[in-house]
Amino acid sequence: MPELPEVETTLRGLKPWVVGARIKELVVYDRRLRWPIASDLPEILAKKTIRGLSRRAKYLLFDVGPGSLIVHLGMSGSLRILEAACAPSRWDPFDLVFAGSPGLCLRMRDPRRFGALLYTEDPATHPLIAPLGPEPLEPGFEGSYLHARARGRTLAIRDFLMNGHIVAGIGNIYAHEALFLAGIRPQRAAGRVSRAECDHLADAIVTVLTQAIAAGGTTLKDFRGSDGRPGYFSQELNVYGRTGAPCHRCQTPIRRRVSGARSSYYCPSCQR
DNA sequence: AAGTTGACCTGAGGGC
DNA sequence: TGCCCTCAGGTCAACT
């Protein structure tokens, strides 16, 4: 579900509530996430204070110094601040309960259980974090980098962009939206994208992600920000999920094509 | 090495 | 109304 903008939306909503909060306890309702929640995690977290909250790719990092909590929302996860007394549902794997009154908690919901809750002493060297590519919204992310990494590669540019080890945080929606803005077909070999097109593509990625964050992310089905509200970027999508609908730029019907196990969307006229 | 496919798991929506 | 099928925002591991 959540790509970079949805995770960033979640982070911004949570920050005022969690930074500085003292942890009373971690209550685990269902350990079965992508990796089982470690049974000693409640012990590790008890009475710690959350000193900061940051994001790396689609991972949320709660600094409980020493050490950090890594949270990934998978395909269907979301995080909300609730009164701890509010009864959890069967889709809620855990509550991070805060000290103080009224008793508040950070509750995860994840019906598909592709999410994760992990603890690490040092996020920078954690095997999930260390190999990640650059953050597209940080300075220094440029077309020259994309062009260098793509050289000689035959996989589809869509799949290249979705590889977090190349660029952090881009999933199926924003890969397609950025490729539309840059005029490049999703299935073109990455190594066949010119330097000039890579410049355009890098700009398009920044534009799309920035606009999506401003809109509170994209809700297709079940994404909710930490305040429970959906994201509105779905109204601004140019190609994703718009099979047969007229291109916003030239009116040609948007085409859908299955590549790999996932759908691809593009305008056959605007994208080459 | 790079590319491709399967696996994980549940819910929603469409067709009949 | 209900059953069956397909599809979904991620990404690691195991193949070719």
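Model, not experiment: these values are computed from the prediction. The figures here come from the full heavy-atom set of this structure, side chains too, leaving out hydrogens, waters and symmetry mates. Residue numbering restarts at 1 for every chain, and letters A, B, ... go by the order of the sequence lines.
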Given C/dG10, B/dC9, B/dG11, the nucleotide with the shortest approach to the side chain of A/His72: C/dG10

Sugar-phosphate only, base, or nothing, as touched by A/Thr218 at under 4.0 Å among non-hydrogen atoms: base

Among C/dA8, C/dG9, B/dG11, the nucleotide that comes nearest once only the side chain of A/Pro111 is considered: B/dG11

Carboxylate-amine/guanidinium contact A/Glu135 A/Arg56, below 4.0 Å: yes

Option among A/Arg188, A/Arg272, A/His147 that satisfies the side chain to side chain donor-acceptor pair (under 3.5 Å) test with A/Glu197: A/Arg188

Closest listed nucleotide, where the reference is the side chain of A/Arg34 and the choices are B/dT10, C/dG9, C/dC12: C/dC12

Short side-chain N/O contact to B/dG11 OP1/OP2 from A/Trp91, under 4.0 Å: yes

Flag side-chain contact, heavy atom, 4.5 Å: A/Leu106 against A/Ile81: yes

A/Arg262 (side chain) and C/dG9 (base): donor-acceptor pair under 3.5 Å: no

Considering all heavy atoms, the nearest A/Pro123-A/Leu61 contact: CB-CD1, 4.3 Å

Along DNA chain B (nearest heavy atom to each residue), the more 5'-positioned of A/Ala261 and A/Arg153: A/Arg153

Distance, P atom - from C/dC12 to B/dG11, rounded to whole angstrom: 25 Å

Sugar-phosphate, base or nothing in reach of A/Lys58, heavy atoms under 4.0 Å: sugar-phosphate

N or O in side chain of A/Ser76 less than 4.0 angstrom from C/dG9 OP1/OP2: no

d(CG, A/Asp159; P, C/dG9) in whole Å: 12 Å

Nucleotide nearest A/Arg90 when distance is taken to its side chain, options B/dT10, C/dA8, B/dG3: B/dT10

Atom-to-atom span, CZ of A/Arg149 to C1' of B/dA2 - whole angstrom: 13 Å

Residue A/Arg256, side-chain heavy atoms: nucleotide from C/dC7, C/dG10, C/dG9 that is nearest: C/dC7

Protein-nucleotide distance (A/Leu73, atom CG; B/dC9, atom C1'), rounded to Å: 16 Å

Rounded distance (Å) that lies between atom C1' of C/dA8 and atom CG of A/Asn172: 10 Å

Sugar-phosphate, base or nothing in reach of A/Phe233, heavy atoms under 4.0 Å: nothing

Parallel, tilted or perpendicular, as decided by the 30° and 60° cut-offs, for the rings of A/His72 and A/Tyr59: perpendicular

Euclidean distance for P, B/dT5 against C/dC7 (whole angstrom): 16 Å

Distance-only donor-acceptor test (3.5 Å): side chain A/Arg113, base B/dC9: no

Listed nucleotide nearest any side-chain atom of A/Leu128, set B/dG11, C/dC12, B/dG3: C/dC12

Atom pair distance, as rounded to whole Å: CZ in A/Arg109 and C1' in B/dG11: 13 Å

Sugar-phosphate only, base, or nothing, as touched by A/Leu220 at under 4.0 Å among non-hydrogen atoms: base

For atom CD of A/Glu6 and atom P of C/dG10, their distance in whole Å: 9 Å

Minimal non-hydrogen separation, A/Phe141 against A/Val167, with atom names: CE1-CG1, 3.8 Å

Base partner of B/dC9, which must satisfy Watson-Crick or wobble distances under 3.5 Å: none

Rounded interatomic separation in angstrom, taking OH from A/Tyr174 and C1' from C/dG10: 14 Å

Option passing side chain to side chain contact (heavy atoms under 4.5 Å, CB included) with A/Leu179 (candidates A/Val208, A/Asn238, A/Ile184): A/Ile184

A/Phe114 over B/dC8, stacked by centroid distance under 5.5 Å, angle under 30°: yes

For atom CZ of A/Phe223 and atom C1' of B/dG11, their distance in whole Å: 18 Å

Listed nucleotide nearest any side-chain atom of A/Leu155, set B/dA12, C/dG10, B/dT4: B/dT4

Among B/dG3, B/dT10, C/dC12, the nucleotide that comes nearest once only the side chain of A/Thr154 is considered: B/dG3

Sugar-phosphate only, base, or nothing, as touched by A/His165 at under 4.0 Å among non-hydrogen atoms: sugar-phosphate

